[in-house]
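A note on names: the letters A, B, ... follow the listed sequences, proteins ahead of strands, and every chain is numbered from 1.
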Amino acid sequence: MDKINFNKIEKKWQKKWKDSKIFEVKEDRKKEKFYVLEMFPYPSASGLHMGHALNYTLGDILARFKRMQGFNVLYPMGYDALGLPAENAAIKEGTHPEKYTKNSMKNFMNQQSLLGLSYDWSRLINTSDSGYYQWDQWIFLKMLEKGIAYRKKSSVNWCPECKTVLANEQVQNGKCWRHPDTEIEVKPLEQWFLKITDYAEELLDKLEGLDWPQRTKAMQKNWIGKSYGTEILFEINEEKWPIFTTRPDTIYGVTFMVVSAQHQRLMELVTKEQKKEVEKFLQKLKSVSAKNAVDLEKEGVFTGSYAINPLTNEKVPVYAGNFVVADYGSGMVMAVPAHDQRDFDFAKKYKIEIKKVIVPKGMTSAEASGKITNDGAYTGLGKLINSEKFNGLENEKAKEEITKYLEHRSVYPKVRNTGAKKLGRKVVQFKLRDWLISRQRYWGTPIPIVYCEKCGIVPIPEKDLPIKLPKNVEFGKGNPLETNEKWIKIKCPKCDGDARRETDTMDTFVNSSWYFLRYCDPNNKKKIFDMQKVKDWMPIDQYIGGAEHACMHLIYCRFYTKFLRDLGLLNFDEPIKKLFHQGMLHGDDGEKMSKSKGNILNPLDTIANYSTDSLRLALMSFASPDSDSNWDEKVLIGSHKFLKKIADYFENVKIKNINNIKFESKLNKIIKEVTSQIGNFKYNLAIIKLRDLFNSLPNEVSQKVLEKSLKLLHVFCPHITEELWEKIDNKNFISLSKWPEVDESKIDERFEKQEQFVEKLVGDIQHVIKLLDKKIKNVFVYVLPNEKNIYVENLDLISKRIGTKLKIYAVNDKEKYDPENKSKKVKPGRPGIYLK
RNA sequence: GCGGGGGUGCUGGAGUGGCCAAACAGGCAGGACUUAAGAUCCUGUAGCUUAGUGCUUACGCAGGUUCGAAUCCUGUCCCUCGCACCA
């Protein structure tokens, strides 16, 4: 019965596409460009999973669609080949990461071809190729030159599992992004950073203009975390310490200060008498991992020092505390227990005075007094009290007034001049921190730096790039690059003296921060890319990938773009015009697909059992592409059946030179709908329309109608449509054919109405048959004379659907058989029925 | 705590002011075909009622706006995702 061998057909067309290189593109000013890109994968030995298949199918459909619409479509693929997972997997398998990666890549490419993806493979990128990562090094040198790359000692996140430090973005909930069970340790180390904070403002501002999902923009905004506040100078031990606060209005309520236990200069604040206590406290903190920090009770220890409030001259104790973040703001806070819950908790614990300075509107200070001290901090709006000349001000207003006042007071009471001109100033704070890119691991881009005994840190000259990863290293003994002494030893480029290479490599996210630019000119040996080519293709018109990269890759690549622009290499600010996050595909049990749950599906098995086209169709049918969905084998089977039916239809259809205006109307309507739906990623809805279309194709049609129908389906099911396209005597690829245009003049809503009339009649007849509950032999239908044609034309269809013969009379037909005078009931669009 | 996204039939999921008892798919039921099963095709699938009708109740819950609401507004509950001791 299975006349058609899908797998064979698919192989055939995949080969033809490959051999004819039809998807390779060049810049072409005559056509409008369209750049479709999916986030490139980490090649792992386990190969493609369903999520990949979904992701790439989404992109492929769009690429094919745009290509058929006449765009010059850039649709490349590559591999994010450097990175820890590859290194770890290689170690586990006892092989070299390079070999592991090569195999995985080969495997991926193979599998991607089986999905029928229309990539321009001539632009393939492999980030582990020194021809690629030398440009990572080049960018690094440029950043060094511009002061964007720098080395500094600071408290950094260390993942004991990865055995390397991580960027802030890679720490989630105090745990490693790759190891959700591994707690991050904080270590003071000297590391390389990229000064992404220089671009914080722009990264935030330009967000607004991007056609990205709301939530992603919100996440980035949140991550960048701009807040306005006031920096106030408090004097401690005759030195001025700036304190950042967003609540200058509560300055009269400050009753103590808390400095972060991780503060770089903490020990300067600790007096001799308190030293022991503080050290004990720090020791205790050490045993607590970052993970639990949030749930931790607020604790602290007195440092022995006092701070002087610049407005009241009051001396308040300075505590070291476990709840203050060291590298946000000033790493120290002015504590106002009456109006901040954390400060409140702390004050309660250590029995520190709680001084209220804001009362809610309409409440007397006496009333407020009880409320505040009993229930916790009052953080709402209100009026100032106990604040000298600011009493009675609305607190929002007071923020400005007090800041202004601080800005204009240049005298710091009783203190020698330290050069500070103001007691306070308005400042902007960002949560975004500089990007720590050093990794103590092997499988990454080597950092082009040497440490010279005489000259210190010396960059390796551009002409000496790439610094290739040495093959010969030992794994499992700390940083692998440190095990190759021969490689490490180098002459200083400056003084030719003895020097050692940097043995850390760069974070893998460096590679993915600009790869989309390299696709525009992937084989350039002389330059990172040709500016004109990049101008021609960029920015990415549609980027497709998972939402999990919102605060990592998607922010880093924007930063890189801005840096390269400032270097004069790019003429645009943002790399990604439009972003789409596909939903997660879960197992049929509704759970995330995972090995442990045993609900993983291999796309290749599915393809072997059904076909690529069936899989693609099913993947697009589950739900709207942006929402999560569950795998359902039945949907796959249904999709497969649908395609078989179409193939059957093409076996039997009679192609004639006829003009079926009714079907043309439907076809054009569907062309219109499908075109707009595909453009908006409503693939699931487009497929519904296509089902409708193919299910109602008449047995005799014109060549043109068949061709147009196939084209619509082609983007979803490229193989079978190529095959059928060929079958109906087309010599060229349907892949290269032109997307059908809508002929609005052919759309006639009347046909749809008529179709509904027929549906209604069938329904009514069925209904009555059921009510009568007996065998019906004959059906008589009475219709208005002007509607008679509609029903007569569909006589066969109606008869087939009700499973009985029927006779249609016009109500004015004198010869009609109508023993119960049912023709009296006839209304427009509703015939009379008599059953016997 | 802050910020996103949701709650629709037996199921997956459409629908964002009237054409909705709700596309399409699946499940289930009935029928056709068949010796039978499968495949295929047709019909039905909120409740009551009815020779094709009429009515009622439905889109988390409660209100509101409107001639009219699943769709807009307010409140509320629940689910989900991201960030979070950020001063």
Give me the distance, rounded to whole Å, that separates B/G47 from B/G15 when you measure between the C1' atoms they each carry. 23 Å
Given protein heavy atoms under 4.0 Å, the one-letter contact record of nucleotides 18-26 of chain B, with B base, S sugar-phosphate only and - none, is simply -----BSSS
Taking the P atom in each of B/G7 and B/C61, what is the distance between them to the nearest angstrom? 13 Å
Using a cut-off of 4.0 Å on non-hydrogen atoms, how would the nucleic acid contact of A/Pro213 be classed: base, sugar-phosphate, or nothing? nothing
Does B/A87 have OP1 or OP2 sitting under 4.0 Å from an N or O in the side chain of A/Tyr328? yes
Atom C1', compared across B/G6 and B/U71: separation rounded to whole Å: 15 Å
Restricting to pairs with a member in residues 214-228 of chain A, which pass salt bridge (Lys or Arg N to Asp or Glu O under 4.0 Å), not counting sequence neighbours? A/Glu201-A/Lys226
Rounded distance (Å) that lies between atom P of B/A87 and atom CG of A/Asp343: 12 Å
Side-chain donor-acceptor pairs of residues 253-263 of chain A under 3.5 Å, sequence neighbours excluded:
unit_1: A/Thr255; atom_1: OG1; unit_2: A/Glu353; atom_2: O; d: 2.9
unit_1: A/Ser260; atom_1: OG; unit_2: A/Gln262; atom_2: N; d: 3.0
unit_1: A/Ser260; atom_1: OG; unit_2: A/Val324; atom_2: O; d: 2.9
unit_1: A/Ser260; atom_1: OG; unit_2: A/Ala326; atom_2: N; d: 3.4
unit_1: A/His263; atom_1: ND1; unit_2: A/Gly331; atom_2: O; d: 3.4

How is A/Ser621 classified with respect to the nucleic acid when contacts are heavy atoms under 4.0 Å: base, sugar-phosphate, or nothing? nothing
For A/Arg433, check salt bridge (charged side-chain N to carboxylate O under 4.0 Å, His left out) against everything at least two apart and list the hits. A/Asp327
P gap between B/U80 and B/G27, integer Å: 30 Å
Apply the test side-chain hydrogen bond (donor to acceptor under 3.5 Å, both in side chains) to residues A/Ser227 and A/Tyr328: give CA-CA distance (whole Å), side-chain angles for both, the deciding distance (0.1 Å), then the verdict. CA-CA 11 Å; A/Ser227 60; A/Tyr328 178 76; 2.9 Å; yes
Side chain of A/Met219 (C-beta onward), nearest among B/G82, B/A51, B/A87: B/G82
Residue list, side-chain contact (heavy atoms from CB on, under 4.5 Å) with A/Leu685, at least two apart or on another chain: A/Gln677, A/Lys682, A/Ile688
Any residue meeting salt bridge (charged side-chain N to carboxylate O under 4.0 Å, His left out) with A/Glu208, in chain and number order, not counting sequence neighbours: none
By the 4.0 Å heavy-atom rule, please label A/Lys645 as base, sugar-phosphate, or nothing. sugar-phosphate
Centroid separation A/His640 to A/Tyr610 less than 6.0 Å: yes
Classify A/Gly229 by what it touches in the nucleic acid, base, sugar-phosphate, or nothing, heavy-atom distance under 4.0 Å. nothing
Which part of the nucleic acid, if any, lies within contact of A/Gln429, taking any heavy atom under 4.0 Å across all strands shown: a base, the sugar-phosphate backbone alone, or nothing? nothing
What's the base orientation of B/G68: syn (chi within 90° of 0) or anti? anti
Does the structure show a Watson-Crick or G-U wobble partner for B/U74, both distances under 3.5 Å? Name it, or say none. B/A62
Measuring centre to centre across the rings, with the benzene-like ring taken for any Trp, is A/Tyr809 within less than 6.0 Å of A/Tyr817? no
Watson-Crick or G-U wobble partner of B/G68, both distances under 3.5 Å: none
Check ion pair A/Asp632-A/Lys634 (N to O, under 4.0 angstrom): no
Run the ring-centre check on A/Trp223 versus A/Tyr556 and record whether the distance is less than 6.0 Å. no
Return the nucleotide paired to B/G3: Watson-Crick means purine N1 to pyrimidine N3 with N6-O4 or O6-N4, wobble means G-U with N1-O2 and O6-N3, both under 3.5 Å. B/C81
Interatomic distance where CG belongs to A/Leu554 and C1' belongs to B/G82 [whole Å]: 14 Å
Can you tell me the base-pairing partner of B/G17? Count Watson-Crick or G-U wobble geometry only, both distances below 3.5 Å, and say none if there is no partner. none
Can you give me every donor-acceptor pair (side chain of residues 425-432 of chain A, partner residue at least two apart or in another chain, under 3.5 Å) with its distance?
unit_1: A/Arg425; atom_1: NE; unit_2: A/Glu231; atom_2: OE1; d: 3.1
unit_1: A/Arg425; atom_1: NH2; unit_2: A/Glu231; atom_2: OE1; d: 3.1

What's the gap between B/G9 and B/A29 when it is taken at their C1' atoms, as a whole Å value? 16 Å
Distance, P atom - from B/U74 to B/G13, rounded to whole angstrom: 28 Å
Grab the CZ-P distance between A/Phe622 and B/A14 for me, whole Å please. 13 Å
Find the distance A/Glu548:CD to B/U80:P and express it as a whole number of Å. 20 Å
Between B/G12 atom C1' and A/Met620 atom CE, what is the distance in whole Å? 16 Å
Let's test this: given Watson-Crick or G-U wobble pairing with both distances under 3.5 Å, identify the partner of B/G38. none
Closest-nucleotide ordering on RNA chain B, the 5'-leading residue of A/Asn168 and A/Asp340: A/Asn168
Between A/Ser629 and A/Trp223, who's closer to the 5' end of RNA chain B by nearest nucleotide? A/Ser629
Counting only Watson-Crick or G-U wobble pairs whose two distances fall under 3.5 Å, which nucleotide matches B/G27? B/U45
The criterion is side-chain contact (heavy atoms from CB on, under 4.5 Å); which residues satisfy it with A/Asp340, sequence neighbours excluded? A/Arg342, A/Asp343
Roughly, in whole Å, what's the span from CD1 in A/Ile765 to P in B/U53? 12 Å
Would you give a per-nucleotide map of nucleotides 4-9 of chain B, 5' to 3', where B means the base has a protein non-hydrogen atom under 4.0 Å away, S means only the sugar-phosphate does, and - means neither? S-----
Does the pair A/Gln170 and A/Arg178 meet the rule for a side-chain hydrogen bond (donor to acceptor under 3.5 Å, both in side chains), with working shown? CA-CA 8 Å; A/Gln170 292 157 3; A/Arg178 293 196 216 266; over 6 Å; no
Among B/C41, B/A87, B/A14, the one nearest any side-chain atom of A/Val324 is B/A87
If I pick the C1' atom on B/A14 and the same atom on B/C67, what distance separates them, to the nearest angstrom? 28 Å
B/A39 C1' sits how many Å from A/His640 NE2, rounded? 13 Å
Of all residues at least two apart in sequence or in a different chain, which pass the side chain to side chain donor-acceptor pair (under 3.5 Å) check with A/Asn55? none
In whole angstrom, give me the gap between the P atoms of B/C41 and B/C24. 15 Å
Close approaches to RNA chain B from residues 243-259 of chain A, in residue order (heavy atom, under 4.0 Å): A/Phe244, A/Thr245, A/Thr246, A/Arg247
Measure CH2/A/Trp212 against C1'/B/G82 and give the value in whole Å, please. 15 Å
Can you give the donor-acceptor pairs under 3.5 Å from side chains of residues 618-626 of chain A to other protein atoms, not counting sequence neighbours?
unit_1: A/Ser621; atom_1: OG; unit_2: A/Leu617; atom_2: O; d: 2.6
unit_1: A/Ser624; atom_1: OG; unit_2: A/Asp626; atom_2: OD1; d: 2.6

